[in-house]
Amino acid sequence: MRLFDPHIHMTSRTTDDYEAMYAAGVRAVVEPAFWLGQPRTSPASFTDYFDSLLGWEPFRAAQYGIAHHCTLALNPKEANDPRCTPVLDLLPRYLVKDNVVAVGEIGYDSMTPAEDTALAAQLQLAADHGLPALVHTPHRDKLAGLRRTLDVVRESALPMDHVLVDHLNETTVKEAKDSGCWLGFSVYPDTKMDEERMVAILRSHGPERVLVNSAADWGRSDPLKTRKVADLMLAEGFTEDDVDRVLWRNPVAFYGLSGRLTLDAPVPEATHEGNSIQRGVPKDEPPRTAGAATAEA
């Protein structure tokens, strides 16, 4: 079974998670830029963060045979902070990078005028750079947030079929599907969707343009939720082709709109910027002699 997690925040996960994901069948991930819990205080912190999504995280993923791509944006929550909005001027130099397969996460958190401005501006950036867009629908007032999102998308230069509206649920799936956008569902241990609700939606609305993700981050979440959805689909009578469509071919088709998606994990490099991830000497390697040079103390 091959799995593609189209929305997961590996910056907040451990290397053990990468190992477990590979064992579960995950062979590709997309990591959207998001807020980090602690407020950022300047655009410079975004620069380092974007660089890590383009360098360090693909390096970590490659150690475990997983292809890593990212989406970059000023996220909805931080769009309300004037200290962060200059990131909109920074984005064009990052959106030309090969590993960037969409603009995202963009959209709404509290549905403020500042979020309106950031969403419209970044949809235009997506159109200008020939990229699709990953749109975060708010966790509160979801139906109103979806409708407001779709209104802004319809007014933009980006085609509806180049937009993935994420964090959908039973109250928003029909209108999102009718819009012509791609449909994203985040499956969590306690909140958002769970496996049973996800399978029920697939049974009611079909697998067309549906992407299922774990959205795993630094909160209580589970990077193996894509596999758990796949297993339940099979147990509930869906075919292996259905599973492959939802959990592989659909995300490949959406992010493939960028023209930049590469599904083969790169050959792992020994180090990234001098860092091998390892700490100390592996058990099967003889101890270094005193005074031997080492890249990592």
Side-chain angles (χ1 to χ4, degrees), residues 6-13 29-61 68-139 145 148-149 152-153 155-158 162-167 215-219 255 258 260 272-275:
H7 182 153
I8 186 168
H9 301 289
M10 294 308 299
T11 294
S12 60
R13 310 303 302 193
V29 299
V30 167
E31 178 160 0
F34 79 139
W35 74 296
L36 298 180
Q38 173 68 27
R40 295 182 178 95
T41 58
S42 77
S45 62
F46 282 86
T47 300
D48 291 337
Y49 175 51
F50 292 167
D51 286 345
S52 75
L53 294 183
L54 289 163
W56 174 241
E57 282 308 321
F59 168 75
R60 282 213 304 156
H68 180 289
H69 294 79
C70 66
T71 76
L72 300 182
L74 173 64
N75 68 81
K77 189 174 184 68
E78 290 176 307
N80 294 294
D81 189 336
R83 298 174 298 178
C84 298
T85 51
V87 172
L88 294 173
D89 298 322
L90 180 69
L91 278 170
R93 76 179 176 96
Y94 279 98
L95 296 181
V96 298
K97 304 289 187 180
D98 288 343
N99 231 35
V100 179
V101 292
V103 175
E105 299 177 55
I106 59 178
Y108 288 111
D109 178 58
S110 300
M111 291 186 278
T112 65
E115 292 170 21
D116 287 330
T117 299
L119 174 56
Q122 292 181 101
L123 287 170
Q124 185 61 54
L125 283 173
D128 291 345
H129 288 82
L131 292 172
L134 170 61
V135 178
H136 169 104
T137 57
H139 300 304
R148 187 163 171 174
T149 298
V152 178
V153 173
E155 293 170 0
S156 77
L158 197 64
H162 279 54
V163 174
L164 168 60
V165 285
D166 212 345
H167 309 314
D217 56 18
W218 31 246
Y255 287 116
S258 68
R260 302 174 181 174
H272 175 73
E273 300 290 343
N275 187 355

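What you see is a predicted model, and the numbers here were worked out from it, not measured in a lab.
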Show me the donor-acceptor pairs, under 3.5 Å and distance only, between side chains in residues 115-123 and residues at least two apart or in other chains.
from : atom 1 : to   : atom 2 : distance (Å)
E115 : OE1    : D109 : N      : 2.8
E115 : OE1    : S110 : N      : 3.1
E115 : OE1    : M111 : N      : 2.8
E115 : OE2    : N80  : ND2    : 2.7
E115 : OE2    : S110 : N      : 3.0
D116 : OD1    : Y108 : OH     : 2.4
D116 : OD1    : R148 : NE     : 3.2
D116 : OD1    : R148 : NH2    : 3.2
D116 : OD2    : R148 : NH2    : 2.7
T117 : OG1    : P113 : O      : 3.2
Q122 : OE1    : L74  : N      : 2.8
Q122 : NE2    : L74  : O      : 3.1
Q122 : NE2    : A118 : O      : 3.2

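- Residues meeting the side chain to side chain donor-acceptor pair (under 3.5 Å) test with H69, sequence neighbours left out: none.
- Across all their heavy atoms, V103 and A73 have their closest contact at CG1-CB, 4.2 Å.
- Heavy atoms only, all atoms of each residue included: A133 and I106 are closest at CB-CD1, 4.0 Å.
- Taking each heavy atom of G145 and P138 in turn, the nearest pair found is CA-CG, 3.7 Å.
- Rounded to the nearest 0.5 angstrom, L36 CG and F46 CZ are separated by 8.0 Å.
- From M10, atom CE reaches atom CD of E57 across 6.5 Å, with rounding to the nearest 0.5 Å.
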Check the pair L54, C70 against side chain to side chain contact (heavy atoms under 4.5 Å, CB included), reporting the backbone distance first and the verdict last. CA-CA 7 Å; L54 289 163; C70 66; 3.8 Å; yes
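- In this structure, R260 and K97 approach most closely via the heavy-atom pair NH1-O, 2.9 Å.
- Note that OG of S258 is 11.5 Å distant from CG of L95, once rounded to the nearest 0.5 Å.
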Just do the side chain to side chain donor-acceptor pair (under 3.5 Å) check on E31 and H68 with the steps written out, would you? CA-CA 7 Å; E31 178 160 0; H68 180 289; 2.9 Å; yes
Run the side chain to side chain donor-acceptor pair (under 3.5 Å) check on Q124 and S156 step by step: do they pass? CA-CA 7 Å; Q124 185 61 54; S156 77; over 6 Å; no
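- For the 3.5 Å distance criterion, the side chains of H167 and H136 qualify, holding a donor opposite an acceptor.
- Distance CG/L72 to CZ/F50: 5.0 Å, rounded to 0.5 Å.
- Heavy atoms only, all atoms of each residue included: P58 and S52 are closest at CD-O, 4.0 Å.
- Of the residues listed (D217, V29, V30, L134), the one engaging H7 in a side-chain contact (heavy atoms from CB on, under 4.5 Å) is L134, and it is the only one.
- Atom CG of L131 is separated from atom NE2 of H162 by 9.0 Å, given to the nearest 0.5 angstrom.
- Ring planes of Y49 and F34: tilted class, angle from 30 to 60°.
- A pairwise comparison of heavy atoms in R83 and P39 identifies NH2-CB, 4.2 Å as the closest pair.
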